Amino acid sequence: MASTEQIAKEYYEKGLDLVHANSIELGIDNLNMALSIYEELDDKTHYILTLRGLAIAYGIMGYDSKMLYKCLSALNYIDKNGIQGAKHYFYTTICNRYMLLGDYDSAINYGKMALQDLEDYGNSFENEPHSFLVACLNLAYSYLHLRRYSDAENFLKRGSEIAQKNDMHHHDLSLAVLYANLHHHMGDDKYVYSHLEELVTFIKSSKITIQDYIEDLKLLIETFCGMKEFERAEAVVLSLDSSATISNNMHMKVEAAKLYMMVYKASGDIEKYHNACVRFAEDTIALNTTEATEHLLEMDTAIALSIADTPQELI
């Protein structure tokens, strides 16, 4: 019979896997089960990591208030229990959300707080070089969008050094796209052209989460559109679109439609832009219908289970 610790671990790992596969609500259900067990076990480390998983999941869904509540709860828990070296998880989560919302000044504030926590207490928790790399990438991305290119380059170099030193390739695509965008804005399009094959290779072999993958592709598309390389930008969207079709992932299909809109608006192709708008509307309706059906099934199942557990005399 599995131990309580093993059951919690299974819920936790399954929850993260589901979130990475974009089955967010099922992932949240599993993470909440893990959280309850870790709270009973007084397993502070895994309780914090599970809160982080929930915060990320709510952020992906766009539930900013729930995401922020989980982050603030975790920061309070960390302070209350005198734990060092774990705050960066939640500063990073808040930073990422600000980045997606386009508030890069706020993103930089939280990105710096995350990096400072790692520099001060990086050896005091279950931290890995990956956390340092992510903090540097977030800051580079934010500085790029504020056109502070020297700052962006400094954090890109630092991130590259961390990745090389620790033989990490999880964010090769992010690094390559950030460098391409930086060189384009600095007037060095030749650099981008000389690294096209490398970019294509990373896109095809990328194994990171869907949300990160899409953000990388979006930045690459912005770069190509800025270079007036609209056919290349369209080809990047086509790669995402093909993956969405093969995996029948409705979320990715909606994202692909949004990126098509971005490319055709930038290129001035009115007909293709209008077609992309229609497709975005149709895919969004299809996604909402699918999610509504899943929610109804979950509600019916929960009610059925509740009735099954209710004593007959109370029904």
Side-chain angles (χ1 to χ4, degrees), residues 59-60 88 91-116 118-119 129-164 168-196 198-203 206 208-230 232-233 236-237 240 255 258-259 261-263 265-267:
I60 292 173
H88 69 91
Y91 292 148
T92 294
T93 301
I94 297 172
C95 170
N96 286 337
R97 193 60 194 156
Y98 273 123
M99 286 165 57
L100 289 172
L101 293 172
D103 185 346
Y104 300 110
D105 287 312
S106 295
I108 287 170
N109 287 337
Y110 281 96
K112 285 182 175 179
M113 290 165 70
L115 190 57
Q116 191 65 54
L118 284 163
E119 290 173 343
H130 175 263
S131 296
F132 286 87
L133 173 57
V134 169
C136 290
L137 291 177
N138 285 343
L139 287 167
Y141 183 95
S142 298
Y143 278 124
L144 266 177
H145 282 77
L146 291 178
R147 302 183 183 279
R148 293 174 58 177
Y149 302 128
S150 61
D151 290 320
E153 186 173 20
N154 287 337
F155 283 106
L156 263 179
K157 286 181 177 178
R158 185 170 176 182
S160 297
E161 289 169 1
I162 293 170
Q164 292 171 7
M168 292 189 300
H169 301 283
H170 194 61
H171 287 290
D172 282 349
L173 175 60
S174 297
L175 283 165
V177 171
L178 285 165
Y179 268 117
N181 190 265
L182 173 66
H183 280 272
H184 163 63
H185 282 296
M186 295 176 70
D188 184 13
D189 286 348
K190 185 181 293 186
Y191 173 93
V192 183
Y193 287 118
S194 65
H195 288 76
L196 285 176
E198 178 185 35
L199 287 165
V200 170
T201 300
F202 288 148
I203 289 172
S206 182
I208 57 180
T209 61
I210 290 173
Q211 190 62 49
D212 289 338
Y213 182 59
I214 290 173
E215 287 305 307
D216 286 332
L217 295 189
K218 182 179 178 182
L219 185 60
L220 181 57
I221 289 167
E222 288 178 6
T223 305
F224 282 142
C225 286
M227 297 168 60
K228 308 299 182 184
E229 288 281 2
F230 300 116
R232 295 188 191 277
V236 174
V237 187
L240 176 66
E255 292 297 331
K258 287 165 62 176
L259 293 176
M261 288 165 58
M262 187 175 84
V263 172
K265 185 175 182 179
S267 69

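Treat the numbers as computed from the prediction; the structure is a model and nothing was measured. This chain uses plain numbering: 1 for the first residue, then up along the sequence.
Atom OH of Tyr110 and atom CG of Asp103 lie 10.0 Å apart (nearest 0.5 Å). In this structure, Ile60 CD1 and Asn96 CG are separated by 9.5 Å, a value rounded to the nearest 0.5 Å. One distance of note links CD of Glu198 with CG of Leu173; it measures 10.0 Å at 0.5 Å rounding. Here Leu178 contributes atom CG and Tyr143 contributes atom OH; the two are 14.5 Å apart, rounded to the nearest 0.5 Å. Asp189 contributes atom CG, which lies 10.0 Å from atom CZ of Phe224 (distance to the nearest 0.5 angstrom). Here the straight-line distance linking atom CG of Leu144 with atom CD of Glu153 works out to 10.0 Å at 0.5 Å rounding.
Side-chain contact between Arg232 and Leu196: present, with at least one pair of heavy atoms (C-beta onward) separated by less than 4.5 Å. A 4.5 Å side-chain heavy-atom check between His183 and Lys190 finds every atom pair outside the cut-off. Met113 is not listed as a side-chain neighbour of Gln116, based on a closest heavy-atom distance of 4.5 Å or more. Looking only at side-chain heavy atoms (C-beta outward), Ile108 and Asp151 stay at 4.5 Å or farther from each other. Put simply, the side chain of Glu229 does not reach to within 4.5 Å of the side chain of His184, judged on heavy atoms. Counting only heavy atoms from C-beta outward, the side chains of Tyr213 and Leu240 approach each other to under 4.5 Å.
A salt bridge does not link Glu215 to Lys218: none of the charged side-chain nitrogens sits closer than 4.0 Å to a carboxylate oxygen.
Between Cys95 and Asn138 the shortest heavy-atom distance is SG-CB, 3.8 Å. Of all heavy-atom pairs spanning Pro129 and Ile162, the tightest one is O-CG2, 3.7 Å. The minimum heavy-atom distance linking Ala107 with Ser142 is given by the pair CB-OG, 3.6 Å. Considering all non-hydrogen atoms of both residues, Leu115 and Ala135 come closest at CD1-CB, 4.0 Å. The two atoms that bring Cys225 and Ala233 nearest to each other are SG-CB, 4.0 Å, heavy atoms only. Nearest heavy-atom pair, Glu119 versus Phe132, reported as atom, atom and distance to 0.1 Å: N-CE2, 4.1 Å.
Gln164 pairs by the side-chain contact (heavy atoms from CB on, under 4.5 Å) definition with Ser160, not counting sequence neighbours.
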**OP:** Apply salt bridge (Lys or Arg N to Asp or Glu O under 4.0 Å) to Lys258 and Glu255, showing your working.
**Re:** CA-CA 5 Å; Lys258 287 165 62 176; Glu255 292 297 331; 3.6 Å; yes
Subject >> Full working for side chain to side chain contact (heavy atoms under 4.5 Å, CB included) between Leu137 and Tyr141 >> reply: CA-CA 6 Å; Leu137 291 177; Tyr141 183 95; over 6 Å; no
Original post:
How far apart are the C-alpha atoms of Val134 and His170, what are their side-chain angles, what is the distance that settles it, and do they pass the side chain to side chain contact (heavy atoms under 4.5 Å, CB included) test?
Top reply: CA-CA 10 Å; Val134 169; His170 194 61; over 6 Å; no
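Put simply, the side chain of Ser194 gets close to the backbone of Tyr191: a donor and an acceptor are under 3.5 Å apart.
Environment of OH in Tyr104: crowded, with over 12 heavy atoms of neighbouring residues, nucleotides or ligands closer than 6.0 Å.
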